[in-house]
Protein chains: 2
Amino acid sequence: MTKLVDAKTQASWFSRVREAHQSETAEDYVELIADLIAVQQEARLSDIAQRLGVRHASASKVLARLAAEGYVESLPYRSIFLTEKGAALAARCKARHKIVLEFLIRLGVSPETAEYDAEGIEHHISAETLAIFKRFRG
Amino acid sequence: MTKLVDAKTQASWFSRVREAHQSETAEDYVELIADLIAVQQEARLSDIAQRLGVRHASASKVLARLAAEGYVESLPYRSIFLTEKGAALAARCKARHKIVLEFLIRLGVSPETAEYDAEGIEHHISAETLAIFKRFRG
DNA sequence: TATAATTTTTAGCCTAGGCTAAAATTTTAG
DNA sequence: CTAAAATTTTAGCCTAGGCTAAAAATTATA
């Protein structure tokens, strides 16, 4: 290391990562809700919380925020539905998740590890890199 | 999507990602401090804040936590130093960052995009995947 | 159908890490 | 050497998202 990148440029990288963090929760929730609906016909709070590894109360609070932001809707004590906006976000996330996961597996990462890694990195992949992941063949 | 992975397994992925998030700030700070010391002989709060894209007050608060956790040390109004623990963490992060960055570039991602992507994903790469990134040749 | 079990919500607490504004200190210039 | 500028710290506010405990509602069972 003999020189540093321009400070503003570096700051923009960190700022973008912080922004991505703010969308991550919403993305994880809607993607999971879409999967639960697809497979189990409904998304219950208790399933969501269990699969995210958090307490019901925490999931309930986040869902209240997502409802306020127009991603999900539900009646009290009833299961959770995605709005059009939420479903669109879920579809984008699911597609991206699949690209990352399959890329890692083609690269030779074991499926279990690939699942964990994909979960962490999917929110931080630029469109350019995603396109390269997509067309990569072992 | 016709079936879902085991709930506990999925929960463990999300939990690990949340744990990684908790280390991210410390990792970003010590890595940057190490770079600043290497290139400019010292790491000043104002440079750290500027390069992270946050206000001085925010950086100051985080540095107080990192000092309490034994990663950095400093005298009031003076520049910041890494402890042995902090320097070791910085070295690990720097090595990992380099592997991720160079992997992305070899894969064909443009250097600028690679920098941003590396910043976001480096904290979420398992040892297994990192090893594969390391030996990948275009 | 009453009661027990389950599920969901609410209240309240905590930490991390953003922010602004202002105080304290150090550095620089006149 | 003193006044202005720059830097750092402190105080206090905010949001997100964890948590526990307890209340409320729904669902299941005896």
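As a basis for the values below, the full set of heavy atoms in this structure was taken, side chains included, without hydrogen atoms, waters or symmetry mates. Lettering follows sequence order; numbering is per chain, from 1.
For residues 104-129 of chain B, the set of pairs meeting the ring-ring contact (aromatic ring centres under 6.0 Å, His included) definition, not counting sequence neighbours, comprises His124(A)-His124(B), His21(B)-His124(B). Applying the salt bridge (Lys or Arg N to Asp or Glu O under 4.0 Å) test to every pair with at least one member in residues 72-83 of chain A, sequence neighbours left out, gives no pairs at all. Listed by first then second residue, pairs satisfying salt bridge (Lys or Arg N to Asp or Glu O under 4.0 Å) with a partner in residues 5-27 of chain A read Glu27(A)-Arg96(A), not counting sequence neighbours. Residue pairs satisfying the side chain to side chain donor-acceptor pair (under 3.5 Å) criterion with at least one member in residues 43-55 of chain B, sequence neighbours excluded, are listed as follows: Gln10(A)-Arg51(B). Counting only residues at least two apart or in different chains, salt bridge (Lys or Arg N to Asp or Glu O under 4.0 Å) contacts with residues 103-112 of chain B are absent.
When hydrophobic side chains of Ile, Leu, Val, Met, Phe, Trp and Tyr are connected at separations under 4.5 Å, Leu101(B) ends up clustered with Ile105(B). Applying the under-4.5 Å side-chain rule to Ile, Leu, Val, Met, Phe, Trp and Tyr, the cluster around Phe133(A) extends to Ile99(A), Val100(A), Phe103(A), Leu104(A), Leu107(A), Val109(A), Ile121(A), Ile125(A), Leu130(A), Ile132(A), Phe136(A), Ile99(B), Val100(B), Phe103(B), Leu104(B), Leu107(B), Val109(B), Ile121(B), Ile125(B), Leu130(B), Ile132(B), Phe133(B), Phe136(B).
Residues of residues 17-38 of chain B having a heavy atom closer than 4.0 Å to DNA chain D, listed by number: Arg18(B). Contacts with DNA chain D (heavy atom under 4.0 Å) in residues 51-58 of chain B: His56(B), Ala57(B), listed by number.
Counting heavy atoms from C-beta on, the side chains of Glu102(B) and Lys134(B) never come closer than 4.5 Å.
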Chi angles and distances behind the side-chain contact (heavy atoms from CB on, under 4.5 Å) call for Val5(B), Trp13(B): CA-CA 11 Å; Val5(B) 71; Trp13(B) 299 337; 3.9 Å; yes
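Helix bend of the helix from dT1(C)-dA30(D) to dG30(C)-dC1(D): the angle between its two end axes, each built from five pairs, comes to 0° after rounding to 10°.
Glu42(A) has its CD atom 9 Å from the P atom of dT8(C), to the nearest Å.
Protein chain A contacts DNA chain D over a range whose 5' and 3' limits, counting nucleotides with an atom under 4.0 angstrom from a non-hydrogen atom, are dA16(D) to dT27(D).
Partners of Arg65(B) by salt bridge (charged side-chain N to carboxylate O under 4.0 Å, His left out), not counting sequence neighbours, listed by chain and number: Glu69(B).
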